[in-house]
Q: 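Below you will find the structure I want to go over with you.
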There are 2 protein chains.
Amino acid sequence: MQDLSSQESVQTSIDEAVVSGILSARIRPGTRLSENEVASLFNVSRTRVREAMMRLEQRGIVKVSPRRGWFVVEPSAEEAISVYAARRVIEAGLLRSMDRLTESGCEKLQAHLAEEEAAIAAGDRQRLTCLMGDFHIRIAELSGNPILVEILRDLTARTILISLIYQSDFHAMQSHLGHCRIVASMEEGDFEKAAALAVEHLDEVETGLDLTRRPDPLADLRRSLSLPPQVPASSNASRKTKT
Amino acid sequence: MQDLSSQESVQTSIDEAVVSGILSARIRPGTRLSENEVASLFNVSRTRVREAMMRLEQRGIVKVSPRRGWFVVEPSAEEAISVYAARRVIEAGLLRSMDRLTESGCEKLQAHLAEEEAAIAAGDRQRLTCLMGDFHIRIAELSGNPILVEILRDLTARTILISLIYQSDFHAMQSHLGHCRIVASMEEGDFEKAAALAVEHLDEVETGLDLTRRPDPLADLRRSLSLPPQVPASSNASRKTKT
DNA sequence: ACGACAAATCTTGCATACAAGACAGACTAG
DNA sequence: CTAGTCTGTCTTGTATGCAAGATTTGTCGT
């Protein structure tokens with residue numbers, strides 16, 4: 001964070017800093033973003049921060065609670081469902097609209113899959129979260145359509161927030177395999193199949209969520225005290241003690 | 001505009017006023033939106049207007065030219081292509097993701113088609129522009145996904161701006177027939193076909209654009225002086241004197 | 001008559017000041 | 001000891017003030 005306080009091209013860097021913080025899961029859902037604190041971190045006045053927050057709010061990334069503060073969104077169960085549905089629609093539509101995979105596109109995807117494997121091997125979970133989201137952005141980039149890239153970037157950010165709330169355990173390998181299958185189909189030129197696999201992949205991830213779980217207002221405190229992440233809250237959950 | 005100056009629930013009404021102005025083609029691409037003027041129209045200070053502009057900029061609806069002013073975007077040819085491509089992807093994906101058409105959904109679509117016909121019969125071009133865009137929003141609404149609705153609303157706004165720049169003549173009947181065909185397929189439950197028709201429909205509209213045309217910076221003045229809309233700008237344009 | 005220069009005006013960029021409301025903590029009464 | 005209230009503090013909401021830059025218009029020189 002030290003590097004942010006020095007006044008660089010601070011133009012839109014507040015927005016980017018927040019988004020990249022979310023994409024890499026450094027910022028948790030419900031995090032409070034005080035105008036004053038952010039302002040002093042970036043050595044600007046509250047005006048600029050507010051403008052950034054307004055933009056981020058429009059993107060569905062933060063919300064304001066009147067006279068209380070700005071918070072990173074905690075998508076509700078319904079919102080989570082909408083986000084996944086939107087991603088299925090857009091990503092499937094995107095893949096189906098493709099007709100060929102360029103040489104360089106193929107290389108980029110392979111490079112990405114290699115990175116995923118490396119992160120899995122290294123057990124770098126934060127980097128993995130980031131990469132798992134980035135995969136879908138990479139695909140959008142192949143289309144060369146900046147509008148779709150932007151839309152999927154924001155949906156990915158929201159997806160990560162959703163995972164942090166509702167996903168109990170992260171099946172990295174399963175997701176990675178899903179990605180591999182999608183890329184394989186694309187290389188075969190079977191984009192219809194790739195689209196179907198993408199839908200299936202998103203379904204898998206969505207199914208892995210526990211949407212009955214409520215966002216935990218005590219998450220910060222809990223983490224600070226090194227308590228177990230959250231009580232499973234289901235009726236027979238107490239039996240599944242993890243020690 | 002009188003009704004806007006009275007301070008109602010001015011909360012987000014600036015945004016909505018601008019967007020609805022664009023959706024109904026009352027606001028042309030390139031229109032300057034002075035912070036001071038808008039502020040006095042809404043009886044608020046520049047702060048609120050700036051916030052609204054920031055949000056609208058994020059939505060790709062206005063742009064700021066530094067120290068010069070805010071302008072309704074004039075999408076370039078490439079941007080126009082991206083917008084249509086994005087709409088094809090999303091709308092086709094949306095239709096393909098549907099599996100049934102509810103009774104009430106069917107009624108809403110039919111009601112919309114009836115409105116289109118009424119507007120065609122009445123020759124109400126402004127209303128027609130609005131309805132033609134709204135059709136696609138209606139379809140998104142059927143999905144019940146607010147995220148997709150929002151995305152398509154903004155893309156529709158940009159589409160209308162694109163039409164106003166690049167579309168020489170508006171084939172209302174052709175578009176209406178396209179809509180009818182899409183709805184017919186949906187009623188048959190053949191969403192695959194509906195998706196294909198939607199892509200075809202968007203292709204038709206896009207093909208009808210003259211993307212070589214440049215946005216005319218003198219459009220306002222020209223219209224005020226009742227001059228012909230735009231010189232054809234081809235090499236032998238000077239010969240075509242219109243007196 | 002035409003072109004260049006300069007000042008005046010108008011625009012946004014940004015910071016700051018003040019107001020209104022929410023929350024927390026202390027204090028008091030029962 | 002507990003419940004309720006009240007005040008102080010901290011937050012955002014909104015307006016305003018000033019600075020920097022771009023445009024335009026008026027003027028002057030050629």
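Naming convention: chains lettered A, B, ... in sequence-line order (proteins, then strands); numbering from 1 in each chain.
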Q: Using the ring centroid of each side chain, check whether A:H136 and A:H201 are separated by less than 6.0 Å.
A: yes

Q: Please check if any side-chain donor atom of B:T212 sits under 3.5 Å from a side-chain acceptor atom of B:D210, or the reverse.
A: yes

Q: Mind checking what makes side chain to side chain contact (heavy atoms under 4.5 Å, CB included) contact with B:Q167, not counting sequence neighbours?
A: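 Expected list: B:S163, B:F170, B:V205, B:L209.
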
Q: Mark yes or no for whether A:Y166, through its side chain, and A:L161, through its backbone, hold a donor-acceptor pair below 3.5 Å.
A: no

Q: Between protein and nucleotides 8-13 of chain D, map the contacts as a letter string: B base, S sugar-phosphate only, - none, heavy atoms under 4.0 Å, written 5' to 3'.
A: ---SBB

Q: Are more than 12 heavy atoms from other residues, nucleotides or ligands located less than 6.0 Å from atom CZ of B:R127?
A: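 For B:R127, atom CZ is not crowded (no more than 12 foreign heavy atoms under 6.0 Å).
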
Q: Quickly work out the A:M53 CE to C:dC14 P distance and round it to whole Å.
A: 16 Å

Q: Look at the side-chain N and O atoms of A:T47 and state whether any lies under 4.0 Å from the OP1 or OP2 oxygen of C:dC14.
A: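 Answer is no, no contact under 4.0 Å.
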
